[in-house]
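Have a look at the structure below, then the notes.
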Amino acid sequence: VTMPMSCAFALNMMPSLFPNIIHILISAIGAEYGWRAYLLPKLMKQHNAIVSGLIVGVIWGVWYLPAFYFLGAGIPLYLPFLMYFLWVVIASQLFTWVYNNSGNVFLMILMHMSANVTFTFIPILPTALESFIPFWLYLCILNIWIIAAIVISGSEKLTARLENYE
């Protein structure tokens with residue numbers, strides 16, 4: 001009996017669990033203090049939440065471009081850069097909504113870590129599944145969540161708490 005590709009992939013990742021978790025924790029702390037706790041509030045003083053989230057997402061994505069091209073690192077499991085970049089820009093909207101509603105950078109660190117752990121240890125990426133379809137579906141579902149957040153919260157602040165940036 002052969003093991004499904006996704007199970008074999010997950011089992012092969014287990015020896016690297018601890019070093020990866022340490023790396024994921026450190027990078028998430030740095031990223032979220034930079035993107036959400038520092039940059040987003042500054043952008044929100046000049047732009048609405050959607051534009052601010054897009055700017056953070058583009059900067060976040062471009063940040064990994066040198067690592068991707070020169071080091072072959074920084075992008076989960078050899079995901080094509082454009083696909084990764086789209087995920088980051090889209091996810092930045094969701095991260096903006098969560099941060100604007102919570103104001104909690106620790107929650108953002110947990111979200112960032114969750115995304116990285118998912119990409120590292122749960123086989124939803126094309127490398128593990130040998131197909132791009134599940135990841136494109138994931139991006140579509142993420143967009144539906146973001147549209148729902150915009151409809152519920154409004155595009156200006158993506159939050160019911162307007163005092164966050166005034």
Side-chain angles (χ1 to χ4, degrees), residues 20-68 73-77 79-129 132-166:
N20 275 320
I21 293 295
I22 297 300
H23 176 261
I24 287 168
L25 173 64
I26 292 168
S27 64
I29 289 169
E32 292 311 318
Y33 272 102
W35 304 141
R36 248 57 66 184
Y38 177 78
L39 183 59
L40 184 62
K42 294 205 178 300
L43 290 170
M44 290 287 296
K45 291 178 181 175
Q46 298 174 1
H47 307 285
N48 70 23
I50 293 173
V51 171
S52 296
L54 286 172
I55 292 170
V56 170
V58 168
I59 293 169
W60 182 9
V62 169
W63 174 262
Y64 284 99
L65 193 58
F68 179 72
I75 308 301
L77 299 174
L79 191 65
F81 186 79
L82 181 58
M83 186 178 268
Y84 173 77
F85 185 81
L86 286 173
W87 175 83
V88 167
V89 172
I90 293 167
S92 183
Q93 294 299 312
L94 184 61
F95 278 51
T96 296
W97 177 72
V98 172
Y99 185 73
N100 283 355
N101 280 282
S102 71
N104 187 331
V105 74
F106 180 70
L107 181 60
M108 303 317 304
I109 292 167
L110 290 177
M111 270 185 76
H112 197 126
M113 286 180 63
S114 296
N116 288 351
V117 166
T118 299
F119 288 152
T120 304
F121 298 107
I122 299 175
I124 65 165
L125 295 176
T127 306
L129 298 175
F132 285 95
I133 294 171
F135 197 76
W136 284 118
L137 290 173
Y138 166 73
L139 290 178
C140 290
I141 291 167
L142 190 58
N143 273 309
I144 292 168
W145 278 103
I146 293 163
I147 291 167
I150 292 168
V151 168
I152 292 167
S153 303
S155 64
E156 188 62 30
K157 304 286 184 186
L158 281 179
T159 182
R161 296 176 24 201
L162 298 178
E163 72 277 0
N164 286 351
Y165 297 106
E166 295 182 44

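Values below: all heavy atoms of this structure, side chains included; hydrogens, waters and symmetry mates excluded.
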Atom CG of Leu110 and atom CD of Glu32: how far apart are they, to the nearest 0.5 Å? 10.0 Å

Hey, does Met111 have a side-chain heavy atom less than 4.5 Å from the side chain of Tyr99? no

Smallest heavy-atom separation, Ala49 atom then Thr96 atom, equals O-CG2, 3.8 Å

When you compare the side chain of Asn143 with that of Gln93, does any pair of heavy atoms fall below 4.5 Å? no

Ser92 to Gly53 - nearest heavy-atom pair and separation: OG-O, 2.7 Å

Verify side chain to side chain contact (heavy atoms under 4.5 Å, CB included) between Ile90 and Trp87, making sure each step is shown before the conclusion. CA-CA 5 Å; Ile90 293 167; Trp87 175 83; 5.9 Å; no

Taking atom CZ of Phe85 and atom OH of Tyr64, what is their separation to the nearest 0.5 Å? 13.5 Å

For the CG atom of Leu142 and the CG atom of Leu94, what is their distance to the nearest 0.5 Å? 5.5 Å

Please round to the nearest 0.5 Å and tell me the distance separating atom CG of Leu39 and atom NZ of Lys42. 9.0 Å

Can you give me the closest heavy-atom contact between Val88 and Gly57, atom names plus distance? CG1-O, 3.4 Å

His47 vs Leu54 side-chain heavy atoms within contact, under 4.5 Å: no

Are Trp35 and Phe95 side-chain neighbours, meaning at least one heavy-atom pair lies under 4.5 Å? no

Side chain to side chain donor-acceptor pair (under 3.5 Å) against Trp60, all qualifying residues, sequence neighbours excluded: none

Can you tell me how far the CD1 atom of Ile55 sits from the CG atom of Leu40, to the nearest 0.5 Å? 10.0 Å

Leu107 side, atom CG; His112 side, atom NE2 - distance, nearest 0.5 Å: 13.5 Å

